[in-house]
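Worksheet: one structure, shown below.
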Amino acid sequence: MTTPQCCANPPALDTAGGEGKVVDSFGGLTAYVAGVVDSKAAVVLISDIFGFEAPNLRKIADRVASSGYFVVVPDFFHGDPYVPENADRPIQVWRNEHPQAQAFEEAKPVIAALKEQGVSSVGAAGYCWGAKGAVDLAKAREIHAAVLLHPSRITVDDIEEVKCPIAILGAEVDHVSPPELIKQFEQVLSSNSGINHLVKIFPGVAHGWAVRYNNDDASAVKSAGEALVDMTDWFNKYLK
């Protein structure tokens, strides 16, 4: 389901943002990369519908990289993120042209490139649209740890098939993945003793809070910062 929350608070994209750099091809995709190139642990960040040029996403990538990871933020939309102002391409049309399954398929060569670079452990985190790619990678044993943040279109069946440690960070005010669904995910994971998991619902925040927060809102920044800490701690636990 796509709701107005998926499109709320669109970022002002910045092609030059971040402390890292943009490379023309990493596993066949244009990507923002940050961190130590010879790190043995890497994280792939899968964006929401607004793509890899979102300033907050690049800040997150830089922060994760500062913990010793090589971080890759691929452009899964090939220069075509969702643009709310384009009335000729409403969200449903755009989503049909950018199915979530493409993140999984296009992430596999990215992971292969990381391994060729010498990386031995890979994690993936997905925001909204990108959460489906992260969970599909977790189902296919392509990664060693996953984090889903305010996920979109994730089902109980998806969670039942997860094969690596997974953290799910949801929002209290979320019409896309409401707390009731997040709690179902927790029940499924709790019944599978072989999968380590963290499920957390953040109070007082809405879908998109972890990456589309207002930098002038101290409360929003604090909640997003807490999500970032939780995500980084999860990767530290299972990738290092």
Side-chain angles (χ1 to χ4, degrees), residues 14-48 51-77 103-127 129-149 151 162-169 195-198 210-211 224-240:
D14 183 359
T15 59
E19 298 174 8
K21 64 180 180 179
V22 174
V23 295
D24 290 334
S25 180
F26 195 98
L29 295 175
T30 300
Y32 177 79
V33 298
V36 183
V37 175
D38 59 358
S39 175
K40 298 301 181 184
V43 172
V44 179
L45 297 183
I46 309 177
S47 75
D48 63 9
F52 86 128
E53 294 177 350
N56 285 346
L57 183 61
R58 293 195 176 181
K59 287 180 185 178
I60 291 166
D62 293 341
R63 286 284 301 279
V64 174
S66 72
S67 294
Y69 297 99
F70 183 71
V71 182
V72 184
V73 190
D75 178 13
F76 290 110
F77 305 141
F104 170 65
E105 293 299 333
E106 294 187 351
K108 288 189 283 187
V110 172
I111 293 170
L114 287 169
K115 292 179 178 178
E116 290 174 8
Q117 187 173 291
V119 168
S120 56
S121 59
V122 180
Y127 295 82
W129 182 96
K132 177 63 173 171
V135 81
D136 284 347
L137 292 168
K139 289 157 56 178
R141 292 191 172 93
E142 289 281 345
I143 55 176
H144 300 88
V147 181
L148 314 183
L149 302 102
V162 166
K163 308 227 174 21
C164 71
I166 185 168
I168 303 174
L169 308 182
I195 302 298
N196 292 325
H197 62 277
L198 167 70
V211 70
E226 183 180 341
L228 175 58
V229 168
D230 288 344
M231 178 175 74
T232 305
D233 286 348
W234 193 253
F235 288 140
N236 289 345
K237 188 173 182 178
Y238 294 104
L239 299 184
K240 291 186 174 181

Main-chain N/O of F52 paired to D75 side chain as donor or acceptor, under 3.5 Å: no
Given 3.5 Å as the limit, does a donor-acceptor pair link the side chain of T30 with the main chain of D24, or not? yes
What distance separates [X] [atom1] from [Y] [atom2], expressed to the nearest 0.5 Å?
| X | Y | atom1 | atom2 | result |
| --- | --- | --- | --- | --- |
| L169 | Y127 | CG | OH | 9.0 Å |
| L228 | S67 | CG | OG | 8.0 Å |
| L137 | I166 | CG | CD1 | 10.5 Å |
| K108 | I143 | NZ | CD1 | 13.0 Å |
| L148 | L198 | CG | CG | 11.0 Å |
| S120 | L114 | OG | CG | 11.0 Å |

Plane angle bin for W129 and F76 - parallel if under 30°, tilted between 30 and 60°, otherwise perpendicular: tilted
Would you call the rings of F235 and Y69 parallel, tilted or perpendicular if under 30° counts as parallel and over 60° as perpendicular? perpendicular
Which residues satisfy the salt bridge (charged side-chain N to carboxylate O under 4.0 Å, His left out) test with D136, sequence neighbours excluded? K132, K139
Kindly give the heavy-atom pair with the smallest separation between [X] and [Y], and that separation in Å.
| X | Y | answer |
| --- | --- | --- |
| A61 | A34 | O-CB, 4.4 Å |
| A125 | L149 | CB-CD1, 4.2 Å |
| A124 | A134 | O-CB, 4.2 Å |
| V71 | A65 | CG2-N, 3.6 Å |
| V162 | I195 | O-CD1, 3.4 Å |

Hey, are the side chains of M231 and V64 touching, using non-hydrogen atoms and a 4.5 Å cut-off? yes
Any side-chain heavy atom of S47 within less than 4.5 Å of one from F77? yes
Are more than 12 heavy atoms from other residues, nucleotides or ligands located less than 6.0 Å from atom NZ of K237? no
Walk me through it: do R58 and V73 pass the test side chain to side chain contact (heavy atoms under 4.5 Å, CB included)? CA-CA 8 Å; R58 293 195 176 181; V73 190; 5.9 Å; no
Stepwise, does the side chain to side chain contact (heavy atoms under 4.5 Å, CB included) test hold for L45 with Y32? CA-CA 10 Å; L45 297 183; Y32 177 79; over 6 Å; no
Apply side chain to side chain contact (heavy atoms under 4.5 Å, CB included) to H197 and I168, showing your working. CA-CA 8 Å; H197 62 277; I168 303 174; over 6 Å; no
Tell me, with the steps shown, if V110 and E142 meet side chain to side chain contact (heavy atoms under 4.5 Å, CB included). CA-CA 11 Å; V110 172; E142 289 281 345; over 6 Å; no
